[in-house]
**Student:** 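Sharing a structure below in structure tokens format, with a few things to ask.
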There are 2 protein chains.
Amino acid sequence: MGTTQLESVQEPKYWHLKTVLSEALDSDFAVGEILPNERDLAARFGVARATLRQALEQLELEGRLQRRRGVGTTVAPPRVGVAVSTGRREWTGGVGGEAWQPVDCTMDRAPAAVAAMLGTDSTEPVHVVRRIRATHGQAVAAELLYIPASSVPELSAIDAPAGAVRARSVLRELHRLGLEGQDRSVELGSARADDAKELDRLPGAPVLVVTTRYFTADGTAAVSVATYRADTCRLTFGDSGALEISEEEQDRQAS
Amino acid sequence: MGTTQLESVQEPKYWHLKTVLSEALDSDFAVGEILPNERDLAARFGVARATLRQALEQLELEGRLQRRRGVGTTVAPPRVGVAVSTGRREWTGGVGGEAWQPVDCTMDRAPAAVAAMLGTDSTEPVHVVRRIRATHGQAVAAELLYIPASSVPELSAIDAPAGAVRARSVLRELHRLGLEGQDRSVELGSARADDAKELDRLPGAPVLVVTTRYFTADGTAAVSVATYRADTCRLTFGDSGALEISEEEQDRQAS
DNA sequence: AAGTGGTCTAGACCACCGT
DNA sequence: CGGTGGTCTAGACCACTTC
């Protein structure tokens, strides 16, 4: 051998640990089952707790585990597919478990990045609608919708009472515009404190940030920034007439 | 000693640290600039290196920083938008920086999850085409394309030499089928060792996993599993005639 | 060889949940 | 209250890159 490297490259302990645990999850555990606590697990594998935690963090990132402070670590169900399709009826939203639920509506300055997309002055206040999306009774996404007052001129005179009621009227106005198209992007982020609270996660939890621009003939009418729980969600996109899997079908497959 | 009276707020140190660093990145650093090393930074902020690292990890996750072992920590450029659109000409791919580059083609068993989507027996070997996608000279994604032999019957007799040449001929056959649609999903994952190597990252690095099913009239013709670097990529989807931003435009905006 | 980030340890205390 | 995961420390050594 001499100068050549050892054939078995040294694999980090936490990586090997992750593999072992992953296989154990497949064979020895059922969804929802509680794992031994971190101190016991670390002792069983003969590693420090920090090392064990590094493996658990990876598995949680991959949606295999769910950890809750004060409770324990459980085996997570498969990720739920969430449709982020070219939704024609996006604003209204069905009454089923799929719906966006308006929570609040305020008037505020848009963040610089959003103002740039809207093509407005960043000091000009815009309508900010907060919506929550739930599936199977679980909150999966929190959204902030930014709508320049100029996009919904009818509303400026109304000045409805704040809260969900006003949110709905803004959405109604927006729906009335007749949107011509949209433009989406997805990237990884970490949950802000307010979003984390809505999603029942700790601040900094990994999220998929979906940014959508809504167009009318006049230009960008609104911008949405939606943060989806990365641990529990798989975003699905319906392309070119492909069959979009329905919620009911998913439930059947799961059972 | 333990905790000093760090304000009355119970904000974790690493979280506060992340905020401070993030603001410093905005004001005091240019893209590409090298930060002080972790030991110095930790000392400067009066925290343990592990705590400082927790903050850096978050910032790297958000695409603000780039860390390389043996080199240092640098300020990352804004994430590059990568089109994952309803690509009609997906198989061929232009010659520009946007292209998928075929690397290899083997015959192997598909993973169980892929076999399920293909609707084939998981023991039946399929063509496995490996492709790399690069933008601006940077590898951004690694893909495995699974194609049942039954989808490309013309090819079974040919048995071209392995490698990129065979990969290209398989893609050509697939292109000839006339695909009717596709079905995409995006989720968070961690890079396998082989993908990590292609993407110049460490194993376990966060990636966006884009799974695509390609349909013909007969059913699913192929399944692609592409892993994009989550730190450097923002996936963009062209919906319903929306303007897809071109690479050239992005470059102009960046400057 | 020197310097960087990556891994690992063995503790400690804190915040939160259930009982 | 006891038990859980979350944060934090002050070290140590390793793998890698660069000079």
Side-chain angles (χ1 to χ4, degrees), chain A residues 5-6 8-18 21 33-43 45-61 65-76 190-191 193 196-197 200-206 231, chain B residues 1-19 21 33-43 45-61 65-76 190-191 193 196-197 200-206 231:
Chain A
Q5 212 176 15
L6 289 176
S8 83
V9 287
Q10 167 154 316
E11 203 175 39
K13 274 190 186 178
Y14 78 91
W15 186 261
H16 180 248
L17 205 51
K18 184 196 127 178
L21 284 171
E33 199 168 341
I34 308 174
L35 268 63
N37 71 54
E38 296 183 348
R39 290 161 179 87
D40 285 355
L41 272 180
F45 286 105
V47 298
R49 189 176 156 222
T51 305
L52 186 268
R53 276 180 62 80
Q54 212 170 341
L56 294 184
E57 262 153 37
Q58 284 250 356
L59 289 170
E60 191 180 29
L61 201 78
L65 291 179
Q66 188 159 355
R67 301 193 286 174
R68 272 178 301 174
R69 169 155 49 178
V71 179
T73 301
T74 57
V75 181
S190 47
K197 194 174 178 184
D200 191 29
R201 300 259 65 197
L202 291 177
D231 55 342
Chain B
M1 57 175 286
T3 53
T4 61
Q5 44 155 357
L6 192 65
E7 308 299 314
S8 58
V9 191
Q10 49 208 14
E11 200 178 38
K13 274 190 186 179
Y14 78 90
W15 187 261
H16 180 248
L17 205 51
K18 184 197 129 180
T19 308
L21 284 169
E33 198 168 341
I34 307 175
L35 267 64
N37 70 55
E38 297 182 349
R39 290 162 180 85
D40 286 353
L41 272 180
F45 287 105
V47 299
R49 181 153 82 110
T51 304
L52 185 269
R53 277 180 61 80
Q54 212 171 341
L56 294 184
E57 262 153 37
Q58 284 248 357
L59 289 169
E60 191 180 29
L61 201 78
L65 292 178
Q66 187 160 356
R67 303 193 285 175
R68 272 178 304 171
R69 171 155 45 177
V71 179
T73 302
T74 58
V75 181
S190 48
K197 194 174 179 184
D200 191 28
R201 299 259 65 198
L202 291 176
D231 55 342

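Only a predicted model underlies this, so the values are computations on that prediction, with no experimental measurement involved. Below, chains carry the letters A, B, ... as their sequence lines are ordered, and counting in each starts from 1.
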**Student:** To check you understand the geometry: which heavy-atom pair defines the closest contact between Ser190(B) and Gln58(A), and what is its length?
**Tutor:** OG-OE1, 3.4 Å

**Student:** Determine: side-chain N/O of Tyr14(A) to OP1/OP2 of dC8(C), distance under 4.0 Å, yes or no.
**Tutor:** no

**Student:** When you measure from the side chain of Ala48(A), which nucleotide among dA10(C), dG6(D), dT18(D) comes out closest?
**Tutor:** dA10(C)

**Student:** Measure from CG on Leu59(B) to C1' on dG5(C) and round the result to the nearest Å.
**Tutor:** 16 Å

**Student:** Rounded to whole Å, please give me the gap between CG in Leu17(B) and P in dT7(D).
**Tutor:** 14 Å

**Student:** If I take atom CD in residue Gln54(B) and atom P in nucleotide dC8(D), what distance separates them, rounded to the nearest angstrom?
**Tutor:** 6 Å

**Student:** Closest approach to the side chain of Ala50(A), judged atom by atom: which nucleotide of dT9(C), dC8(C), dT4(D) is it?
**Tutor:** dT9(C)

**Student:** What nucleotide among dT9(C), dT4(C), dT7(C) has an atom nearest to a side-chain atom of Val47(A)?
**Tutor:** dT9(C)

**Student:** Identify the heavy atoms of Leu65(A) and Val75(A) that sit nearest to each other, and give their distance.
**Tutor:** CD2-CA, 4.3 Å

**Student:** 5'-most contact on DNA chain C: Pro12(A) or Gly70(B), nearest heavy atom basis?
**Tutor:** Gly70(B)

**Student:** Look at Arg67(B) and dG6(C) and indicate whether a side-chain polar atom (N or O) is within less than 4.0 Å of OP1 or OP2.
**Tutor:** yes

**Student:** Closest approach to the side chain of Arg39(B), judged atom by atom: which nucleotide of dG6(C), dT7(C), dT9(C) is it?
**Tutor:** dG6(C)

**Student:** From CG of Leu56(A) over to C1' of dG6(D), roughly how many Å is that when rounded to an integer?
**Tutor:** 13 Å

**Student:** If you check the Lys13(B) side chain, which of dT18(D), dA12(C), dC8(D) turns out closest?
**Tutor:** dC8(D)

**Student:** Within the 4.0 Å heavy-atom criterion, would you say Arg49(A) contacts the bases, only the backbone, or no part of the nucleic acid?
**Tutor:** base

**Student:** May I have the distance from Lys18(B) (atom NZ) to dT7(D) (atom P), rounded to whole angstrom?
**Tutor:** 12 Å

**Student:** Return the value, rounded to whole Å, for the distance between atom CD of Glu11(B) and atom P of dA15(C).
**Tutor:** 13 Å

**Student:** Tell me whether Arg201(A) is salt-bridged to Asp231(A), with the criterion being a basic N under 4.0 Å from an acidic carboxylate O.
**Tutor:** yes

**Student:** Whole angstrom is fine here: how far is it from CG in Leu52(A) over to C1' in dA10(C)?
**Tutor:** 14 Å

**Student:** Check this for me: Asp200(A), atom CG, are more than 12 non-hydrogen atoms of other residues, nucleotides or ligands nearer than 6.0 Å?
**Tutor:** no

**Student:** Rounded to the nearest angstrom, tell me the gap between atom CZ in Arg53(B) and atom P in dG6(D).
**Tutor:** 19 Å

**Student:** If you count every heavy atom of other residues, nucleotides or ligands that lies below 6.0 Å from Arg68(A) atom CZ, does the total exceed 12?
**Tutor:** no

**Student:** Of the nucleotides dG5(D), dG5(C), dT7(C), which has the atom closest to the Glu38(A) side chain?
**Tutor:** dG5(D)

**Student:** Does Asn37(A) make a side-chain N or O approach to OP1 or OP2 of dG3(D) shorter than 4.0 Å?
**Tutor:** no

**Student:** What does Leu202(B) touch in the nucleic acid at a heavy-atom separation under 4.0 angstrom: a base, only the sugar-phosphate, or nothing?
**Tutor:** sugar-phosphate

**Student:** Which listed nucleotide (dC8(C), dC8(D), dT4(C)) is nearest to the side chain of Thr51(B)?
**Tutor:** dC8(D)

**Student:** Go nucleotide by nucleotide along DNA chain D from the 5' end; which of Trp15(B) and Arg69(A) gets its closest nucleotide reached first?
**Tutor:** Arg69(A)

**Student:** By nearest atom, which of the nucleotides dG5(D), dA15(D), dT17(D) is closest to the Val71(B) side chain?
**Tutor:** dT17(D)

**Student:** Decide yes or no for Leu17(A) and Leu56(A): does some side-chain heavy atom of the first lie under 4.5 Å from some side-chain heavy atom of the second?
**Tutor:** no

